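Here's the structure we're looking at; comments come further down.
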Number of protein chains: 2
Amino acid sequence: MKNNLPTLKEIATQLNISISTVSRALHDHKSIGLRTKTRVQELARQIQYEPNQTAIFFQQGKTFTIGVILPELSEAFFSSAISGIEDAAHKSNYTVLMGQSHDSVEKEKQLIDTMKKHRVDGLLISISKNTTNYEHFEALQRYSIPIVFFDRIPKIPNIHYVACNMINGTVQAINFLFAKGHRIIGMINGPEKLPATKERLEGYILAMTKSRLKYDPSLVLNCDLTKESVCAATEKLLTGKRRPTAIVTFNDYVALDAVQQAQKMKFKINKDICFVSYANLPLTNYTAYPPLASVEQFPYLQGQKATETLIDLLSQKNNALAENGNAAYYKIILESQLMVHNK
Amino acid sequence: MKNNLPTLKEIATQLNISISTVSRALHDHKSIGLRTKTRVQELARQIQYEPNQTAIFFQQGKTFTIGVILPELSEAFFSSAISGIEDAAHKSNYTVLMGQSHDSVEKEKQLIDTMKKHRVDGLLISISKNTTNYEHFEALQRYSIPIVFFDRIPKIPNIHYVACNMINGTVQAINFLFAKGHRIIGMINGPEKLPATKERLEGYILAMTKSRLKYDPSLVLNCDLTKESVCAATEKLLTGKRRPTAIVTFNDYVALDAVQQAQKMKFKINKDICFVSYANLPLTNYTAYPPLASVEQFPYLQGQKATETLIDLLSQKNNALAENGNAAYYKIILESQLMVHNK
DNA sequence: ATTTTATCCGCAAGCGTTTGCACAATGTAA
DNA sequence: TTACATTGTGCAAACGCTTGCGGATAAAAT
């Protein structure tokens with residue numbers, strides 16, 4: 001039951017030439033005569049020779065595999081991102097070794113370990129929600145496995161990353177609401193520590209002050225993304241003394257929960273209260289009251305860009321000009337963009 | 001910039017013993033004395049030795065990698081399935097090489113080719129919607145790369161597969177509606193050729209006749225899953241001479257489109273017309289009128305089972321008892337189950 | 001004292017490829 | 001004729017690891 005696949009050696013013995021000649025012939029090496037070249041290629045095709053990649057990987061110390069670690073594939077953002085990753089990877093003949101951390105730090109470490117063992121050439125990571133310690137990433141330096149982070153970026157210096165700037169989109173969202181006549185605009189933001197949360201807040205403050213609406217902190221609430229906390233925040237906003245006529249929510253899921261809560265409180269959606277959100281998920285097409293608009297974060301593009309820069313990094317490494325310590329770090333930032341839903 | 005990672009050789013020379021002794025010491029081989037064993041392990045830990053897996057893969061002719069080819073990760077079914085796959089794989093120390101066919105036959109072939117090149121130990125495949133030719137699967141025999149199909153199964157004999165039987169769930173769905181008093185029950189089914197479509201129909205007919213409601217073919221319409229065709233089918237059903245009071249739809253997305261269409265036609269959902277569906281997607285929680293119930297197909301479980309049988313197959317292969325041609329084929333069938341949504 | 005038996009260890013082959021180097025043969029310029 | 005490219009080919013090492021086999025040493029049995 002052995003894998004008796006054809007090897008270079010077989011071709012060589014059958015043709016009575018040396019293995020190296022066969023190898024070179026198949027690679028179209030110039031130093032091989034045309035006659036032997038065709039003879040070899042002919043036979044190779046005939047017996048369906050295919051090089052043993054594992055041997056090549058080993059010999060070249062390169063696997064043409066990139067590892068991807070992300071929190072949760074069932075989130076539309078990430079499943080879209082991985083499509084971008086895959087497409088970009090395949091275009092350069094890389095394959096994708098995938099793993100989900102499910103937002104567990106432990107799992108994340110394990111995954112990094114497996115990826116390391118499998119000698120992936122590079123790594124694409126979107127860190128878990130709970131990761132605060134970054135040693136396991138830094139340990140990879142030793143193996144000279146480059147990492148490109150995307151979307152969820154650790155807060156350490158000297159890393160490559162691709163992210164989407166939420167400030168701009170947030171400003172657009174506020175302006176959109178302002179143009180529609182809203183003057184009291186609330187926000188249900190995400191967990192306080194998340195950079196994503198901070199960026200949204202920053203954009204909010206920026207836009208509000210620019211619009212000469214003063215920034216009222218009581219209109220900005222944090223939630224932990226659970227349905228309960230979203231409902232609580234919604235209720236608090238809608239019963240506060242300054243009742244907003246529009247609310248910007250951390251993402252589409254939050255928006256949907258908030259809508260439900262508002263309805264339960266007998267508010268008329270899009271009349272008494274409007275919602276604008278982030279993510280632009282397709283599912284919002286099916287809901288009774290989708291947010292009026294969503295800030296798009298371009299996950300596919302993020303995945304694609306991240307992969308491209310990683311592959312770029314990898315080819316640089318090959319050119320061995322990485323000797324100098326003045327390594328430059330890629331910081332690629334896409335601009336988010338408000339997508340208004342046509343009703 | 002070479003990868004100067006520690007190797008067995010280094011340990012060997014530093015300790016003035018042979019490479020083979022080091023290897024055995026690290027594997028706790030009984031023929032190595034306790035003293036040298038500890039010395040070796042000590043040093044190994046100290047210099048952070050880690051075996052070069054690519055070398056091992058090559059040497060052992062095994063990569064501990066399983067390839068997964070599926071149509072579309074952004075479909076909740078598959079992102080859930082891959083979680084099951086991942087979890088089961090990791091449990092047995094396998095990793096997952098992933099690729100999406102996006103329902104393109106060409107892409108599917110390419111992916112199989114890459115997987116083959118990467119010498120995955122085995123393959124998990126859910127075939128693309130458009131695959132009718134199965135040669136590219138059979139070509140894998142030559143490499144003795146076992147395949148386990150899941151959910152979307154090709155119609156060829158002698159394959160391993162894991163699937164979910166829709167008949168039972170469909171019967172449950174019809175019975176559920178019957179119990180609620182519905183007597184005229186329509187169906188918006190999927191593309192005619194799909195096995196999934198046929199199973200649903202079979203269950204429908206079975207349940208209807210068992211309930212002594214005669215099977216009326218004009219109540220069963222096919223659609224190609226696009227919004228337009230769903231709406232057309234819905235309209236046709238709701239304007240037909242025998243107007244159904246309940247409709248079973250091919251999946252939740254179809255249900256949502258159908259609901260929209262019915263609303264547009266001024267039908268009161270859950271009053272004039274009820275919906276029951278398949279898939280049980282979480283998003284239905286957020287919609288105004290989710291289907292009353294959904295037939296669950298247990299994607300996570302399917303993925304898990306498929307992986308387990310594949311790994312089982314792989315270990316059998318190792319035991320080299322595959323000599324005999326009387327190979328048995330795994331046909332694992334899960335039963336679908338109706339999940340009634342609590343309102 | 002001699003043979004047997006553990007116990008411990010090293011040699012070397014092999015996995016399939018790539019590639020620097022040397023060598024042979026042929027042709028070309030001095 | 002001699003020297004020198006040019007072209008075509010093979011040798012052998014290297015990548016890092018596993019493993020069958022045989023050899024050494026020491027302890028135990030005869």
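What you are looking at is a predicted structure, and each value in this text was computed from that prediction instead of being measured. The sequence lines fix the lettering, A, B, ..., with proteins before strands; numbering per chain opens at 1. Computation of the quantities below employed the complete heavy-atom set of this structure, encompassing side-chain atoms and omitting hydrogens, waters and symmetry-equivalent molecules.
Closest approach to the Ser31(A) side chain among dC17(D), dG10(C), dT9(D) is made by dT9(D) (side chain taken as heavy atoms from C-beta onward). Checking dA12(D), dT9(D), dT17(C) against the side-chain heavy atoms of Ser20(A) singles out dA12(D) as nearest. Listed candidates were dT17(C), dT9(D), dT18(D). Nearest to the side chain of Gln59(A) is dT17(C). The side chain of Ile56(B) lies closest to dT18(D) when the candidates are dT18(D), dT9(D), dT17(C). Side chain of Lys9(B), nearest nucleotide from dC15(D), dC9(C), dT18(D): dC15(D). Here dT19(D) is the nucleotide among dC17(D), dT17(C), dT19(D) with the atom lying nearest to any side-chain atom of Gln60(B).
When heavy atoms are screened at a 4.0 angstrom cut-off, Thr7(A) is found touching the sugar-phosphate backbone but no base atom.
Here CZ of Arg24(B) is found 11.0 Å from CD1 of Ile17(B). Values are rounded to the nearest 0.5 Å.
Axis deviation across the helix from dT2(C)-dA29(D) to dT28(C)-dA3(D) amounts to 70°, comparing end segments of five pairs, rounded to 10 degrees.
Arg24(A) contributes no side-chain N or O that forms a donor-acceptor pair with the base of dG8(D) under 3.5 Å.
Dashed line: the shortest gap from a side-chain N or O of Thr21(A) to OP1 or OP2 of dT9(D) is not under 4.0 Å. The phosphate of dT18(C) (OP1 or OP2) has a side-chain N or O of Ser23(A) nearer than 4.0 angstrom.
Evaluation of the ring-ring contact (aromatic ring centres under 6.0 Å, His included) rule for Phe77(A) yields no partner, not counting sequence neighbours.
Evaluation of Phe58(B) against the base of dC15(C) yields a stacking contact (centre distance < 5.5 Å, interplanar angle < 30°).
Ser18(B) and Thr21(B) share a donor-acceptor pair across their side chains, judged by distance under 3.5 Å alone.
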